Protein chains: 2
Amino acid sequence: MNIRHIIIGEPLATDQAIHERLSKLKALAVFSSDALSSSTYATEAILLVLIAAGTSALGVSWWVALGIAALMTVVAFSYHQTIHAYPNGGGAYIVSKENLGRTPGLVAAAALLIDYILTVAVSVSAGTAALTSAFPETAPFRVEVALLIVIFISVMNLRGVKESGTFFAIPTYAFVIGMLVMIGIGVVKALTGSIVPVPQPSPEVLQHEMTSLQGLTLFLVLRAFAAGCTALTGIEAISNGIPAFKPPESQNAGKTLIAMVVLLCTMFIGLTFLANQYQVVAVHHSNTTVLSQIARAIFGDGSPLFYYMQIATLLILSLAANTAYADFPRLASLIARDRYLPRQLTNLGDRLVFSNGIITLSVAASVLIILFEAREHNLLPLYAVGVFLSFTLSQSGMVVHWFKERKLPNFKPDLKWRFHVGVNAFGAVCTFVVLIVLMVTKFVEGAWIVIAAIPILFYLFTRIHKHYEKVAHSLSLDGLEPGPLAERYATYTDRNHVRVVVLMNSLNRCSLQALEYALRISDMVRVCAIEVEPESTERLHQRWKDWNLKIPLDIVPSSYREIGKPLIKYLHHLDEESTEVIPTVVVLPEFVVSTWWEKLLHNQSSVAIRSALYHDQIARGRGRPVINVPYRIGDTLYQPIAITERAPVPEPEPQTEVSAAPPATTAEADAPTQESVETDTQ
Amino acid sequence: MNIRHIIIGEPLATDQAIHERLSKLKALAVFSSDALSSSTYATEAILLVLIAAGTSALGVSWWVALGIAALMTVVAFSYHQTIHAYPNGGGAYIVSKENLGRTPGLVAAAALLIDYILTVAVSVSAGTAALTSAFPETAPFRVEVALLIVIFISVMNLRGVKESGTFFAIPTYAFVIGMLVMIGIGVVKALTGSIVPVPQPSPEVLQHEMTSLQGLTLFLVLRAFAAGCTALTGIEAISNGIPAFKPPESQNAGKTLIAMVVLLCTMFIGLTFLANQYQVVAVHHSNTTVLSQIARAIFGDGSPLFYYMQIATLLILSLAANTAYADFPRLASLIARDRYLPRQLTNLGDRLVFSNGIITLSVAASVLIILFEAREHNLLPLYAVGVFLSFTLSQSGMVVHWFKERKLPNFKPDLKWRFHVGVNAFGAVCTFVVLIVLMVTKFVEGAWIVIAAIPILFYLFTRIHKHYEKVAHSLSLDGLEPGPLAERYATYTDRNHVRVVVLMNSLNRCSLQALEYALRISDMVRVCAIEVEPESTERLHQRWKDWNLKIPLDIVPSSYREIGKPLIKYLHHLDEESTEVIPTVVVLPEFVVSTWWEKLLHNQSSVAIRSALYHDQIARGRGRPVINVPYRIGDTLYQPIAITERAPVPEPEPQTEVSAAPPATTAEADAPTQESVETDTQ
């Protein structure tokens, strides 16, 4: 409890939620870090494909980059429209669900969830790669480093949106500035022609990389394009996170989106331009990223600025994960609210974030990181597919959305409307094409995993939904007229006529208390003792005689010394002979001890009883009320008579009838202690 | 459940207990195997001490053995008296408790329990040693082998006394016959002077063993005597196990005891005699036991009979453990019945044995085996002390017992009586002397562990007893006069006036069922909703208005979205304002699902509520009854109105008042599904 508060901070009251909203500046840090970070590896991804056709082919990367930048603009613009059309969170899930229907909605949701998990895995791995290329000696511990980063980010997010926003803003802006400075210097150098190409890898390595036999094919270019499209990932983030913005939400979100895209394009284009100028060659399984090569070339190896860039990259890449942490739990909670995921995902944690979602995300991502040894290149093929599927679905959803407007009164398809439709339609087509390319080119590399995972997740959604639907139906109140109910509740007639059975195997203050209560709530009370040890039930029977208690005492034999089965059989017997709609109620005297070792000293048969009742419940239905009457050492009984100071044992009176009692009562001196411990056996 | 039955067999009915009794033949197998087996290592123990003074000193072993045999006879005889004096189980615990008082009784109990655990560890280790000396290649796995044997024996014992008796009789008698044959042949050879000494260990080894500088000292002889006294271990076994015999118990037990001692003496003396004849030298850390050397010499190396002896030894040694299994659980149950050990030890298992005791013993013994690497020589020093302490105590107990007889009317100290006293007194003195010798000679070797363990166990006993006493006192009924109670129970006046709070955060069939029941048992029903999500409580409130339910609805704010604290605060508030002696009763609607994954799909807040109530209980006492009203998917409600087929949603009527309802009811089409899952949050 306390340790939790130390780690994630004191709980926040629900009404503080509004103060947890993000300003544009912080929001940009939280939601754009994913997109911005992709600029650090998108260029590299392109080069890694083209190298297959030899260094000569690398020049094509420039044109590929321009194409991707164009696509980026289109997608961003159409998301800008979505944001304004769905002011309270227009993620792909909502948009597709509302316009295309349940199934596309869930597909988009599955794709997005998978994508966010991948985002964390990829970005943290990439961040680790940046670290290892700056400090090669850390290379062997990449997985450990990656997992540590994941833990750190999750804890920060469990501390609350705002806090993580504030914290993560610094590195984001540090990175942006660093990049812009570096690109600036690079461009100047390029214009002044003072560029010295970076050292090339050894011929053997290059030979090893040149896998394409028939040189630069269209297929290769398409693959490069597809690979570069990872730069688009994260553009949708803001649309999912609108509710996190300060009001007016959509305006702020829209502005943030534009700022983000401008920055992203600049950095992506700039970096690719410089990569060409410096004739950077990317080879697989190396610890030196393209970005680090350029940084080294521009700032000089080992210079403070070079390390600054490396650290900044590490941070921004890890922060891409942070974007996923901002979106995944929110999205999961939306899906859970529609009852396609477990309810717990909708719980707001101590710090007003969806803690369960955050934890789910961390676990899933960690698994991926371990499986793929924290190498983002292995993960990237899986990555883009989900994003573009959600892109395509949300874009198409928007098209439908616009067409719905036509049904509105006094609607006329003006230019603005046509433009809206046009942009979304074009976006949908482009992203769809890329999706296909991605699926084709990356299928074998791992995209198939995602393509397989989406239907599985979809099936899970539906199964969960079915269950909740079933529950909802069985709980729904339709068919009950309030009138009669209210009336009956006002004047309840047949009180007390519910049969109650008190379980005990000895009469002592604990079971007596239970008996007292049973008698208070019913006039059909029986006492039942399961006979495990004949002596104790014999004592109980004697007690009944001595005190001549008129309450029916049933002694149920248990030849195999078990409690569950005979009890259930006995209860069923009572149920059958009763006409009452409420089944026989069970009262369990419960002896409460405070320490674990005291618990060890008492029989656990209450556990056996509970489980027996539970399984009977499952088997037969017909909810049977169970009443626990706890009694703690030193408690006073409910009845005043018991609260009085303990009287000395009464003197036996002459006549026979009563004289039976005192021996019994004097026997108490030992007997109750004998019985005591058996108490909590029932 | 089923797997258990396969391993330990079908449960036995309690009344079959008598059929589980042992015949003399089986009883000898069960209870004597411990004593008999000690003959296999007693001689070796003596030689291992004497070797310190060089091979020349080994001859002394013969005289030492004779002394031990004499002591054996005395002890056996005095136990024979004990058996007849305490026909229903006269173990050291009972005898000392009854005659010397509680503390000596518990000391004896502690000593015996420790001794039995050691018996298992020692005998199984020794059995393993016999195996490894026959098959040296098994030596490295001694610990594993030992643990396997322990598991096997425990399972056999869990299957029941009789079954293990039958099973273990064969090897015991196989061993006895083997030994007698071997000794017979050996003696004949000795008389015919056709004995060839066994090969001696290398001089270096002997040099290494000769640790005593001033040769054969009295101290050395004493140590040898003490070491040899391990032969007496197990003599007490029968006295603890009398209830396991067929009636007449004590007669049968007495006869068995005599048979046992005769066999034991023969074998021990015989073996020592042969060891001298063959000039057998025992050295530490060797895998060849003295017994195996003699067997090899008599039957010839690698001969079937030699292996027969080895196997028989392995079996008998492991069976010594079986004796402990016959006594430890029974003794533990006696101690537990007097409430010095946890109650669970008195439970009869499926097969009418004290299963918990058997398991406890196995675990403790396994720990020792692992700690001492299954080398019985390391364990023997610990071994004898406990036995002789219990010997001394029970003997002295018997002396007191006899002196008590003097108080009997028409008592005269006849010869028989004097003889009785004499034997027990002599036994007490002898065993006490040995005890002292053992403690002195073996203290450093490990006896101190036992001497330290006994008080610890004693403290444990008293702590446990204190707890049970406290419980017993707080539960005892003295101070209550039966008269008034019986009367009040007959005509109960103030029914129903117990305040009941039904927890729910939405009204649905599950919570409705709970409400129905609450209204049946009380006329002071309130409904309480802990407001975690304002929407849902708002809906509930609306429902109350729509159905105009007159039951008071309390909505308790929970600004930190937790359920426990606000609930407890609310309940305390109600308690304070009520004059009722029974605190406010909590009714928990419980939504029952049948599979683990369905459970995952529902909030676990019922857990939170339970633990909150439990801790409140611990903190404040005042047992608060808690009523679980379970509802399973598809259950029909208690009230007939709910059992009717679900009616279609009623048409709204014109006038305003009622018209409020139908919208609500139609809203159900969605609302209840919305609420459903929150049901079991409370």
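Residue numbers begin at 1 in each chain, while the letters A, B, ... track the order of the sequences. Note that the structure is a prediction, hence the values are computed from the model and not measured.
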For B/S605 and B/I563, the nearest pair of non-hydrogen atoms, with its separation, is CB-CD1, 3.2 Å
Which of A/V586, A/V500, A/V593 touches chain B most, by non-hydrogen pairs under 4.5 Å: A/V593
Select, from B/V525, B/T14, B/L613, the one with the greatest count of heavy-atom pairs under 4.5 Å involving chain A. B/T14
Can you name the salt bridge (Lys or Arg N to Asp or Glu O under 4.0 Å) partners of B/R351, sequence neighbours left out? B/E163
Which portion of [X] sits near chain A, non-hydrogen atoms under 4.5 angstrom:
X: B/D15; result: neither
X: B/V587; result: neither
X: B/L341; result: neither

Do A/Y631 and A/L512 have side chains that approach each other closer than 4.5 Å (heavy atoms only, starting at C-beta)? no
Does any heavy atom of chain B fall under 4.5 Å from the side chain of A/Q16, the backbone, both, or neither of them? neither
So, A/E469 versus A/H465: side-chain donor-acceptor pair below 3.5 Å or not? yes
Contacts of A/P342 meeting side-chain contact (heavy atoms from CB on, under 4.5 Å) (sequence neighbours excluded), chain-then-number -> A/Q344, A/L345, A/I464, A/Y468, B/L601
